[in-house]
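Here is the naming used below: chain letters follow the sequence lines, and residue numbers restart at 1 for every chain.
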Amino acid sequence: MRDLIKPVSEVLEPVLIEMGLADFDSKSIIGPATDKSHGDLAIPCHQFARILKKSPVEIADEAAEKMNEHLKGIASASSVAGFLNITAESRWLADRLSELVEHPTNGVERNSTRTVVVDYSSPNIAKEMHVGHLRSTVIGDSLVRILEMKGNTVIRENHVGDWGTPFGMLIERLEDLESEGIQPSDALADLGIFYRDARSSFDSDENFRERARRRVVALQSGDEATMARWRQLVDLSFSYFDEVYELLGVLLTKDDVRGESFYDPLLASVVERLDERGLLSNNSGAEVMYPGDWLNREGNPLPLIIRKGDGGYNYATSDLACIIDRTERLGAHDLVYVVGAEQKQHFQMVFAAARIAGFLHEEHTSKHVPFGLVLGSDGGKLKSRSGGAIRLLDLLREAIQRASAAVLNRNPDMTPSEIESIAKSIGIGAVKYSDLKADRTKDYVFDWERMLSFEGETGPYLQYAHARIRSIIAKSGGGASVENPARYTLPSNEETRLAREILAFPDAVDTAASELAPHRICKQLHRISQAFGSFYEHCPVLIEDDSLRVERISLCALTGDILKTGLELLGIDAPSRM
RNA sequence: GGGCGUGUAGCAUAGCCUGGAUAAUGCACCGGCCUCCUAAGCCGGGGACCGCGGGUUCGAAUCCUGCCGCGCCCGCCA
């Protein structure tokens, strides 16, 4: 009800002055009513009692009376227990609804024109993607869509772990397997096993370890045969990542990949630039920076290691190179990192260092968007039934398969290809919604039963509301576009409730964008779906009364469009049948 | 030890930044609703000392403070 505050505050302002409360800002004392049965907005008058030496009840009564005559056509004012309550008139709601129908982006203003880099997903080459990557991918993708809708220029960046010391052992493992006659594509068919075996050889075999070390040196120096192997690892891993991304339906493509290897050649210049500014100091052989007041376990200042004693580089250096690349080459204003909460301090230090070094200026913002761990239903780390790590691909396929059974059960007449497509939308939507619906900073319990039960606050519930709307519209014989009726009349409580929830949608998008919190949109879409469910049961649409029929079809179409738009912002499909 | 985060019905969560009325939603539980646009739905009901103690305030789930539980970080790893 953000739009209601402005006209109400214009009426409230002279009333405040008249009552001797000119010091209060009319806009900031108006808040949403905590109990919607009292109204849309509320002004608690208890705060004025001491100044006016009158009871809050008297003050609220007086203010309500003074306001009412000027609020005609907008709202009505009433008072209860010292609260001045404002309730929008149906007429006012109806006019806002008509505006929304005409609005090109469902009332969401494209009023932000920053260039934003969103860093998300970030899997590691030759390593299985785990549920942490799922969270980063799903949350990051939604943020990209939300920020784009607000008008920003958004650049997706997939900061892939494709460089560094692990590649010595990975390449040597690949060599070993090939000498045993195993094709590289087969060797990497299961990345979890491949990585685990490489690791165990590295840990247990001195000879292998030595070969791995030499291989790292060869990789760093650009040795041709080694680079070919490295390329092979990268390409094969990507085909796996792409399969996951395709199934997930995220925006990420190969063009968005900007891996560690890209920044490697830039690292020396990072050190140079820091050195020029005299920011580096030597700490037992390593070049370090002290960007803040962090302490280590012994209570000594915590260094950010820029160059190791052996001349190698650390993640911090790479992250600084990355910041320079994004601000100076890509012209980014805002940097967003969708990375697990455990790296919070690391990012604080890197951001602080980048400010000190002048890589980030006043016009830049940098935000770590943390998310919690993914836990199994036992409260511990998520594992497969056999106790191993869960392959993301298997997980997504299971989601689709579970959805498929439910779709077939309800629609025995559907063609197999229809079922396949709808099951994918539902299964993936269920996984995404359950990941996005809660505040992302909290740990997250992964529970098949809950997310795919198709009941309650789930992706399928929202999709179902949308599908029912499409079904009505198909039966109405009209087109898919929203017709603006001559005037909405909103004759029932169900209709005004639905109108209110629809009108709150742009607000939810704005909040989600400013807080980088997709769950704000989830919650509002759920409220809209609930309001629609109630409307659906109580307000028949395809009826004889022509003007009401037109109005209700329009309301359905508008609701459907908003649900579709909202689901798109979450990266979730909105099928027309289910 | 230091830092950060988190604690809300049996379970899972929203609300906390920006203090307001009877704390919201879902699952589970109890009771209703399919000759009618998809019952993956709708309507109604029971269930909460908002971790505990202090403080600020006319008013605290929300702000401040102390304690307790849980998690994460404090590596020449990423």
Side-chain angles (χ1 to χ4, degrees), chain A residues 28 31 33-38 42-50 56 80-83 85 122 124 161 164-166 260 283-288 293-299 302-303 305-316 318-319 339-346 348 370 372-373 375 379 403 406-407 409-411 426 434 437-439 441-445 447 449-450 452-458 460-461 463-465 467-476 515 519-520 522-523 526-527 529-530 532-543 552-553 556 577-578:
Chain A
S28 56
T34 47
D35 184 339
K36 297 298 179 215
S37 67
H38 287 123
I43 298 113
C45 296
H46 315 81
Q47 54 194 321
F48 311 132
R50 189 182 299 175
V80 180
F83 289 88
N85 294 312
S122 319
N124 293 310
T165 48
E260 292 292 313
N283 181 323
S284 46
E287 300 285 344
V288 307
D293 297 327
W294 291 279
L295 300 177
N296 67 15
R297 217 180 293 265
E298 285 74 44
L302 184 64
I305 294 155
I306 301 301
R307 183 160 57 187
K308 300 191 280 187
D310 66 6
Y313 299 101
N314 254 358
Y315 239 37
S318 177
D319 283 336
V339 177
E342 66 278 5
Q343 290 195 41
K344 180 165 185 170
Q345 183 178 286
H346 167 76
Q348 283 177 336
L373 300 173
L375 308 173
V407 175
N409 193 33
R410 284 175 65 87
N411 305 283
I426 295 174
S434 79
K437 76 171 174 180
D439 178 359
T441 56
K442 295 193 175 181
D443 288 349
Y444 163 88
V445 177
D447 185 337
E449 297 303 322
R450 188 168 290 141
L452 281 158
S453 74
F454 300 169
E455 272 170 31
E457 199 196 336
T458 63
Y461 177 85
Q463 290 171 323
Y464 183 55
R468 286 167 124 188
I469 290 170
R470 292 295 166 229
S471 172
I472 291 176
I473 290 169
K475 284 203 165 74
S476 77
E515 295 179 0
H519 82 280
R520 299 284 192 165
C522 293
K523 296 292 169 194
H526 184 244
R527 293 175 63 87
S529 300
Q530 281 181 311
F532 176 77
S534 191
F535 164 82
Y536 183 89
E537 299 288 337
H538 297 101
C539 306
V541 175
L542 303 177
I543 49 176
R552 284 185 171 162
I553 289 173
C556 284
R577 285 186 70 192
M578 63 184 282

Taking the six-membered ring of A:Tyr536 (Phe, Tyr or Trp), confirm whether the NZ or CZ of A:Arg468 is under 6.0 Å from its centre and within 45° of its axis.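 A:Arg468 over A:Tyr536 ring: yes.
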Check step by step if side-chain contact (heavy atoms from CB on, under 4.5 Å) holds for A:Glu342 and A:Leu373. CA-CA 9 Å; A:Glu342 66 278 5; A:Leu373 300 173; 4.3 Å; yes
Minimum heavy-atom separation for [X] and [Y], please, with both atom names.
{"X": "A:Ile472", "Y": "A:Cys556", "result": "CD1-SG, 4.2 Å"}
{"X": "A:Cys539", "Y": "A:Arg552", "result": "CB-CZ, 3.6 Å"}
{"X": "A:Gln345", "Y": "A:Leu302", "result": "NE2-CD2, 3.1 Å"}

B:A14 base stacked by A:His519? Criteria: ring centres under 5.5 Å, plane angle under 30°. no
Looking only at side-chain N and O atoms, does [X] come under 4.0 Å of OP1 or OP2 in [N]?
{"X": "A:Lys442", "N": "B:G71", "value": "no"}
{"X": "A:Thr34", "N": "B:A21", "value": "yes"}
{"X": "A:Ser471", "N": "B:U38", "value": "yes"}
{"X": "A:Arg468", "N": "B:A39", "value": "yes"}
{"X": "A:Lys523", "N": "B:A24", "value": "no"}
{"X": "A:Gln530", "N": "B:G26", "value": "yes"}

Keeping A:Arg470 on the side-chain end and A:Arg577 on the backbone end, is there a donor-acceptor pair under 3.5 Å?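 Pair absent, no side-chain N/O of A:Arg470 close to backbone of A:Arg577.
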d([atom1], [X]; [atom2], [N]) in whole Å:
{"X": "A:Glu455", "N": "B:C11", "atom1": "CD", "atom2": "P", "answer": "21 Å"}
{"X": "A:Tyr444", "N": "B:C11", "atom1": "OH", "atom2": "P", "answer": "20 Å"}
{"X": "A:Phe535", "N": "B:G41", "atom1": "CZ", "atom2": "C1'", "answer": "15 Å"}
{"X": "A:Leu375", "N": "B:C70", "atom1": "CG", "atom2": "P", "answer": "15 Å"}
{"X": "A:Lys437", "N": "B:U25", "atom1": "NZ", "atom2": "C1'", "answer": "9 Å"}
{"X": "A:Phe48", "N": "B:G20", "atom1": "CZ", "atom2": "C1'", "answer": "12 Å"}
{"X": "A:Asp35", "N": "B:G15", "atom1": "CG", "atom2": "P", "answer": "19 Å"}
{"X": "A:Asp439", "N": "B:C17", "atom1": "CG", "atom2": "P", "answer": "14 Å"}

Atom [atom1], compared across [N] and [M]: separation rounded to whole Å:
{"N": "B:A24", "M": "B:A48", "atom1": "P", "value": "13 Å"}
{"N": "B:C34", "M": "B:C43", "atom1": "C1'", "value": "14 Å"}
{"N": "B:C17", "M": "B:A21", "atom1": "P", "value": "13 Å"}
{"N": "B:U57", "M": "B:G20", "atom1": "C1'", "value": "11 Å"}
{"N": "B:U56", "M": "B:G45", "atom1": "C1'", "value": "40 Å"}
{"N": "B:G46", "M": "B:A28", "atom1": "C1'", "value": "13 Å"}
{"N": "B:U13", "M": "B:A23", "atom1": "C1'", "value": "14 Å"}
{"N": "B:A60", "M": "B:G75", "atom1": "C1'", "value": "43 Å"}

Checking all strands, does [X] fall into the base, sugar-phosphate, or nothing category for heavy-atom contacts under 4.0 angstrom?
{"X": "A:Cys45", "answer": "nothing"}
{"X": "A:Ala42", "answer": "base"}
{"X": "A:Glu515", "answer": "base"}
{"X": "A:Phe83", "answer": "base"}

Which residues share a side-chain contact (heavy atoms from CB on, under 4.5 Å) with A:Lys308, sequence neighbours left out: A:Ile305, A:Asp310, A:Asn314
Please tell me which of the listed nucleotides, [options], lies nearest to the side chain of [X]?
{"X": "A:Arg577", "options": "B:C43, B:U38, B:U25", "value": "B:U38"}
{"X": "A:Glu537", "options": "B:A21, B:U38, B:G41", "value": "B:G41"}
{"X": "A:Ser534", "options": "B:G5, B:G71, B:C42", "value": "B:C42"}
{"X": "A:Arg410", "options": "B:U6, B:A40, B:A21", "value": "B:A40"}

Tell me, which stems hold RNA chain B, with a stem being 3 or more Watson-Crick or G-U pairs in a row and both distances under 3.5 Å? B:1-7 with B:68-74, B:10-13 with B:24-27, B:29-33 with B:41-45, B:51-55 with B:63-67
Do [X] and [Y] come within less than 4.5 Å of each other through their side chains, counting heavy atoms only?
{"X": "A:Ser529", "Y": "A:Tyr464", "result": "no"}
{"X": "A:Glu457", "Y": "A:Lys523", "result": "yes"}
{"X": "A:His346", "Y": "A:Val339", "result": "no"}

First encountered from the 5' end of RNA chain B, between A:Gly533 and A:Tyr464: A:Tyr464
Looking only at N and O atoms, is any donor in the side chain of A:Asn85 or the base of B:A21 less than 3.5 Å from an acceptor on the other one?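 Check passes, donor-acceptor contact within cut-off.
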CG of A:Asp447 to CG of A:Leu375: how many Å apart, nearest 0.5 Å? 11.5 Å
Rounding to 0.5 Å, atoms CG (A:Asn283) and CD1 (A:Ile306) come to a distance of 12.0 Å
Syn or anti conformation of B:C64, syn meaning chi within 90° of 0: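 Chi for B:C64 falls in the anti range.
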With the sugar-phosphate defined as primed atoms, P, OP1 and OP2, and the base as all remaining atoms, what B/S/- string results for nucleotides 72-78 of chain B, 5' to 3', for protein heavy atoms under 4.0 Å? SSBSBSB
